[in-house]
Amino acid sequence: MKKFLVLPIVFLLLAACKPDEPSIKYGYEENPHYSWGYAEYYGPYYEEYKNENNVLALSLFSDSLKVIEGSLSGIGQYLYIEDIFIPKDSVLLPVGKYSSSSSGAAFTFYPGEKFPIDEMKIDVGAFLYYIEKNKTYTAQKQVSRGSFTVKIINSKYKIDCDFVLSDSSKVTGSFTETLPHYDSSTHPKGTARHKIKF
């Protein structure tokens, strides 16, 4: 399953270098707070591969990121986890700890990778998109390994991430807010999703 979204960005400080000093590595926010997001339910997406677990995708957005006329704008971080496996009797993202794995077992998610299709490679799995004010530093990084935990407190989802990215950097983001869920399991491409009620 793959969805294409406009890539988002993150807030950073850049120090000026004197000619004789080594250049300073650009520092991305390592502990972002995601202020809004949503989950999409796809049902038993991999059933034809003998995996009956249901699948969700999770999108979390930080800072000033907004969707305007169908496009993402602003600066901040956008976390997209494409394949989250949940038990076959679940529809909403259940409480628990989710670990990166290619097993397809419940309470796991696929790590990010470039998947070869013919002569192309497409992005699949989990990614973090940095959208920076200085577009030179806008970047996309794969979530290579790690985990996130889910709790529900007073009808709000509390999600804490502990990831290692493709460049070996670490990110420990957090989210505490309501998390709308949309049912995309039975809607052909181009039709409206509907919100899943708790």
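- Inter-residue side-chain proximity for Pro32 and Tyr34 is flagged as met; some heavy-atom pair is nearer than 4.5 Å.
- Atom CD1 of Ile84 sits about 13.0 Å away from atom CG of Asn53, to the nearest 0.5 Å.
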**Asked** Would Gln77 and Leu128 count as a side chain to side chain contact (heavy atoms under 4.5 Å, CB included) if you check the C-alpha gap in whole Å, the side-chain angles of each, and the deciding distance to 0.1 Å?
**Response** CA-CA 7 Å; Gln77 289 185 23; Leu128 190 57; 3.5 Å; yes
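- When atom types are taken as modelled, the side chain of Ser73 and the backbone of Ile68 share no donor-acceptor pair closer than 3.5 angstrom.
- The aromatic rings of Phe148 and Phe109 lie tilted to each other, with the angle between the two planes from 30° to 60°.
- Formation of a donor-acceptor pair under 3.5 Å by the Glu29 side chain with backbone atoms of Asn31 is found in this model.
- Separation of atoms CZ (Phe127) and CG (Leu165) is listed at 11.0 Å; rounding is to 0.5 Å.
- Proximity of Tyr98 to Ile86: side-chain heavy atoms (C-beta onward) are separated by under 4.5 Å at one or more points.
- No option in Tyr129, Phe175, Trp36, Tyr80 other than Trp36 meets the side chain to side chain contact (heavy atoms under 4.5 Å, CB included) test with Phe61.
- Here the closest non-hydrogen pair linking Ser166 and Ser144 is CA-OG, 3.3 Å.
- Counting only distance, with no hydrogens or angles, the side chain of Tyr157 and the backbone of Leu93 share a donor-acceptor pair below 3.5 Å.
- Nearest heavy-atom pair, Ile75 versus Lys133, reported as atom, atom and distance to 0.1 Å: CG2-N, 3.7 Å.
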**Request:** Run the numbers on Ile159 and Leu58 for side chain to side chain contact (heavy atoms under 4.5 Å, CB included), then give the verdict.
**Result:** CA-CA 11 Å; Ile159 300 174; Leu58 179 65; 4.2 Å; yes
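- Here the rule is side chain to side chain contact (heavy atoms under 4.5 Å, CB included) with Phe107, and of Ser101, Pro94, Ser99, Ser147 only Pro94 fits it.
- Hydrophobic clustering, with ILVMFWY side chains joined whenever heavy atoms are under 4.5 angstrom apart, keeps Leu60 apart from Val164.
- With rounding to the nearest 0.5 angstrom, the CD1 atom of Ile81 is 10.5 Å from the CG atom of Leu56.
- Rounding to the nearest 0.5 Å gives a distance of 9.5 Å between OG of Ser35 and NZ of Lys66.
- Not one N or O on the side chain of Asn154 forms a donor-acceptor pair closer than 3.5 Å with the backbone of Lys156.
- Listed by first then second residue, pairs satisfying salt bridge (charged side-chain N to carboxylate O under 4.0 Å, His left out) with a partner in residues 88-116 read Glu52-Lys88, Lys114-Asp123, not counting sequence neighbours.
- Here the closest non-hydrogen pair linking Gly37 and Leu179 is C-CD1, 3.7 Å.
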**Message:** Tyr130 vs Gln140, test: side chain to side chain contact (heavy atoms under 4.5 Å, CB included). Steps then yes/no.
**Reply:** CA-CA 6 Å; Tyr130 296 91; Gln140 169 189 324; over 6 Å; no
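- Remark: side-chain polar atoms of Asn54 are not paired, donor with acceptor, to backbone N or O of Val91 under 3.5 angstrom.
- Taking each heavy atom of Ala105 and Thr108 in turn, the nearest pair found is O-OG1, 2.6 Å.
- Looking at heavy atoms from C-beta onward, Phe85 lies in side-chain contact with Asn51 at the 4.5 angstrom threshold.
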**Request:** Take Tyr78 and Ser59 through the side chain to side chain contact (heavy atoms under 4.5 Å, CB included) test and state the conclusion after the steps.
**Result:** CA-CA 7 Å; Tyr78 165 39; Ser59 294; 3.3 Å; yes
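- Judged by distance alone, the side chain of Ser174 and the main-chain N or O of Asp160 form no donor-acceptor pair under 3.5 Å.
- Atom-to-atom distance recorded for Ser155:OG and Glu177:CD is 11.5 Å, nearest 0.5 angstrom.
- Between the Ser185 side chain and the Tyr42 main chain, no donor and acceptor come within less than 3.5 Å of each other.
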**Item:** Audit row: Asp83, Tyr45, side-chain hydrogen bond (donor to acceptor under 3.5 Å, both in side chains) steps and yes/no
**Value:** CA-CA 9 Å; Asp83 291 310; Tyr45 193 84; over 6 Å; no
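- The distance from atom CD of Glu30 to atom OG of Ser169, rounded to the nearest 0.5 Å, is 7.5 Å.
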